[in-house]
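Note on naming: letters A, B, ... go to the chains in the order of the sequence lines (proteins, then strands), and numbering restarts at 1 for each one. Quick caveat, the model's predicted, so the values are computed rather than measured. We use all heavy atoms of the structure for the numbers below, so side chains are in, but hydrogens, waters and symmetry mates are not.
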Amino acid sequence: MKRTHHCAQLTTADLGKTASLAGWVDSIRDHGGIIFVDLRDRQGITQVKFDPQDDADVGARAAQLKPESVIGVTGRVVRRPEGTVNPNLPTGEVEVDATTLEIHNLSETSPFPLDDEGGDRVNEDLRLTYRYLDLRRPKMRRNLEVRHRTTKAVRDYFDALGFIDVETPILFKSTPEGAREYLVPSRIHPGEFYALSQSPQQFKQILMVAGVERYYQMARCFRDEDLRADRQMEFTQIDVEVSFIDREGIYTLFEGMLKKIWKDILDVDLPVPFPRLAFQEAMNRFGVDKPDTRFGLELVDFTEMFKKSAFKVFASAAAGGGAVKALNARGLADLTQSELTSLEEAARSLGAKGLAFIKVEGGEWKSPIVKFFSDAEKAALTQRLGIADGDIIFFAAAPWEKACAILGRIRLECAALLQKRGKLAIPANQWNFLWVVDFPLMTFDEETKRFVATHHPFTAPVPEDIPLLDAEPQKVRGQHYDVVLNGMEIGGGSIRIHQPALQEKVFKDVLKIPADVVESRFGYLLRAFKYGAPPHGGIAFGFDRLVALLRGTTSIRDVIAFPKTQKAQDLMTQSPAPVTAKQLRDLHIQTVQPA
RNA sequence: GGGGUGGUAGCUCAGUUGGUUAGAGCGUCUGCCUGUCACGCAGAAGGUCGCGAGUUCGAGUCUCGUCCAUCCCGCCA
């Protein structure tokens, strides 16, 4: 039996036709005589009627059906009797009066409900074990469809602009700086290993040297780090690199890409250009380099004012080169003791010694520290923070970046608490895109007492800062940019270094990587640059996160067909799993039992 | 590596101060039912309370350990 229609197709325009449908039994309503089956395929649902008075055999076999069985039916498309139309179905005015029933497969009872509401409540491990059932749920099917359509929007966009999709190796060589890698033993070279590519970064730069000019790829990447709701061990990036482009060119290009995606998928017109925020300003105002600008609660700087304060904790931080920051959590004075404690813990986890606060209730400032403040200081706080009854003010006094980060975290926690109370609305359908720019090229790593690349070592410095590279590398800004949406980093990239001498200088003089290590790890790249490397830059977007945002879910597992659990296991296939002794021998691998 | 939450019927959950035979809804099964659409009605079956120790006359409940899921910190150039 061949399908003539799909299950969202038949309408009153098809009355009298003979139609053949195939799909899964969504639900069965057996009235003892007449039996209704909702037949479901990828497109939708059509009601099929089995009447034993018309055909006793078909009726009897229909009575044996179970939900999720796969069947094919043929019958006449008839109008439903008056009063039995189902307005919730596009096909609700008609039904198929079945004359034949082919049972392809009777299904066992599903271990969990497959409707959207029921399935959402089920433990995720069960859904992952039976992923093929989970993916039958309308919501999950829609996730796969949106993912596909987003891929298509991206490919169409770049194709129209003359980009070409080039695949790069997944089996790459190990580059130990950065994320931990998955190693792949070589059978042919005993004791040597490949690494699964963390990103095509170096290959795409080489492609620029190769004259490709405009490259993109939906690139699979692998990182052996702990998993999170928004991090899987393997994930997909929209990976792009362009020759002869500057930062402004990049901004326009990717504003266009995101505009097309949001239009194609959500029919939303994103306003462009996106606002730009310097790293410094993002930290000062929001305490993070990926601010959620859908709500206020901005940080206010009081470093100057507290330099000569009687309150020694603030004064010493301010005078010692650090910063004193404050945040007015408007209307949160009613927070509970346990909420306050958990805020303090959050602050401590970021290196704060405590979390100073002022609660404003009944016109009175309730705070263990208020007695140290002069009248002038109180007046300035009131004015600059707009303090009113019912507010609570939080302070952080620490080195600048740490003070910002502490209050940045407190800001987000307070926003969540205010939202819970209905005092703050953060609209889910508001899309606050922005570019964060002017990151420091280098960050001093306290642990190793060395400078490390903030982004990666191929990022070009801002030209006018190059003279500072030797003496004050921390002051050099990089030509790096992040795309931030509603507090989430969804993409990042940079204009790259294309002069071999400068790249070598960054490796050896700034990052202090020994010459032989530079040669073994990056020698091929430096050599390539000596043969006419064009100026170039690029970006990579976290594709899974992007699709999750488009679907309004916070977990990228929902938009990946077969994701791993937080313990990096595939519950359906039961991987990872042991291998045979012969396999290990072939690979020159011996395992040791964990202690 | 660390912290939080959870694990009781196929699923989602309740289970009081440690005390009789561990309950509910949905699902499943059986019977009835010819216009339902989450059909309805009647009945039944279904439990290693994640696993292992311990305390106790007695543990779903308390203690310790452990496993799994999830959220977060560390980590993710």
Side-chain angles (χ1 to χ4, degrees), chain A residues 26-40 45-54 59 63 66-68 78 80-89 91-92 95 97 108-130 133 175-181 198-199 201-202 221-233 235 338 342 345-346 348-351 409 412-413 439 441-443 445 447 451-459 478 480 489 492 494 506 511 513 521 540 542 554-555 557 564-567 569 571:
Chain A
D26 201 67
S27 69
I28 306 164
R29 293 174 293 280
D30 183 344
H31 290 262
I34 196 167
I35 296 170
F36 297 103
V37 167
D38 282 349
L39 186 62
R40 181 193 76 232
I45 282 177
T46 298
Q47 175 165 284
V48 180
K49 184 183 74 172
F50 297 94
D51 192 333
Q53 281 189 335
D54 296 344
K66 296 186 48 158
E68 298 307 316
V78 298
R80 293 197 192 185
E82 200 159 331
T84 64
V85 166
N86 185 345
N88 300 320
L89 283 183
T91 60
E95 62 195 5
D97 195 354
E108 292 194 8
T109 302
S110 172
F112 60 92
L114 299 186
D115 59 300
D116 276 340
E117 301 74 37
D120 279 351
R121 283 201 301 271
V122 173
N123 269 333
E124 203 174 352
D125 53 347
L126 193 69
R127 291 172 49 203
L128 290 170
T129 306
Y130 297 91
L133 296 178
T175 52
E177 55 282 322
R180 193 180 301 114
E181 300 166 311
Q198 297 175 39
S199 87
Q201 181 62 36
Q202 294 174 53
C221 308
F222 305 84
R223 291 181 192 170
D224 188 5
E225 298 290 349
D226 285 353
L227 286 71
R228 290 277 199 287
D230 62 351
R231 277 164 30 190
Q232 282 276 304
M233 53 202 289
F235 60 98
S338 75
S342 106
E345 276 166 15
R348 282 211 176 81
S349 76
L350 292 173
R409 174 75 181 274
L412 292 177
E413 305 261 348
F439 285 85
L441 186 67
M442 303 291 164
T443 311
D445 182 39
E447 214 171 291
F451 281 99
V452 294
T454 308
H455 179 47
H456 61 50
F458 314 113
T459 300
H480 171 59
E489 184 199 323
S494 60
V506 167
L511 298 175
I513 304 175
R521 252 173 236 165
T554 48
S555 168
R557 292 188 298 273
K564 308 275 194 293
T565 67
Q566 197 167 51
K567 280 254 169 25
Q569 287 180 304
L571 296 179

Any N/O donor-acceptor pair, [X] side-chain to [N] base, under 3.5 Å:
X	N	answer
A:E82	B:G35	no
A:R348	B:C73	no
A:D226	B:G74	yes
A:R231	B:C76	yes

If only side-chain N and O atoms of [X] are considered, is one of them under 4.0 Å from the OP1 or OP2 phosphate oxygen of [N]?
X	N	answer
A:Q47	B:G35	no
A:R29	B:C39	yes
A:K49	B:U34	no
A:S555	B:U70	no

Identify the nucleotide, in any strand shown, that forms a Watson-Crick or G-U wobble pair with B:U21, with both distances under 3.5 Å; if there is none, say none.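 With both distances under 3.5 Å required, B:U21 matches none.
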Across all strands, who's sitting opposite B:G43 as a Watson-Crick or G-U wobble pair, both distances under 3.5 Å?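 Check on B:G43: paired to B:C29, both distances under 3.5 Å.
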Shortest non-hydrogen contact from A:R80 to A:G92?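 Heavy atoms only, the tightest pair is NE-O, 3.2 Å.
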Classify the nucleic acid contact of A:D30 as base, sugar-phosphate or nothing, counting any heavy atom under 4.0 Å across all strands shown.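 If one applies the 4.0 Å heavy-atom cut-off, A:D30 turns out to touch a base.
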Identify whether any heavy atom of A:T175 sits under 4.0 Å from a base atom; if not, whether one sits that close to sugar-phosphate; answer base, sugar-phosphate or nothing.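 No contact.
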Please round to the nearest 0.5 Å and tell me the distance separating atom CD of A:Q232 and atom CG of A:L227.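 Rounded to the nearest 0.5 Å, the CD-CG separation comes out at 5.5 Å.
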For the base of B:C11 and the side-chain ring of A:F112, does the geometry meet a stacking cutoff of under 5.5 Å between centres and under 30° between planes?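 No, aromatic ring not over the base.
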If we ignore hydrogens and angles and just use 3.5 Å, is the side chain of A:N86 paired with the main-chain N or O of A:N88 as donor and acceptor?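 Yes: the side chain of A:N86 pairs with the backbone of A:N88.
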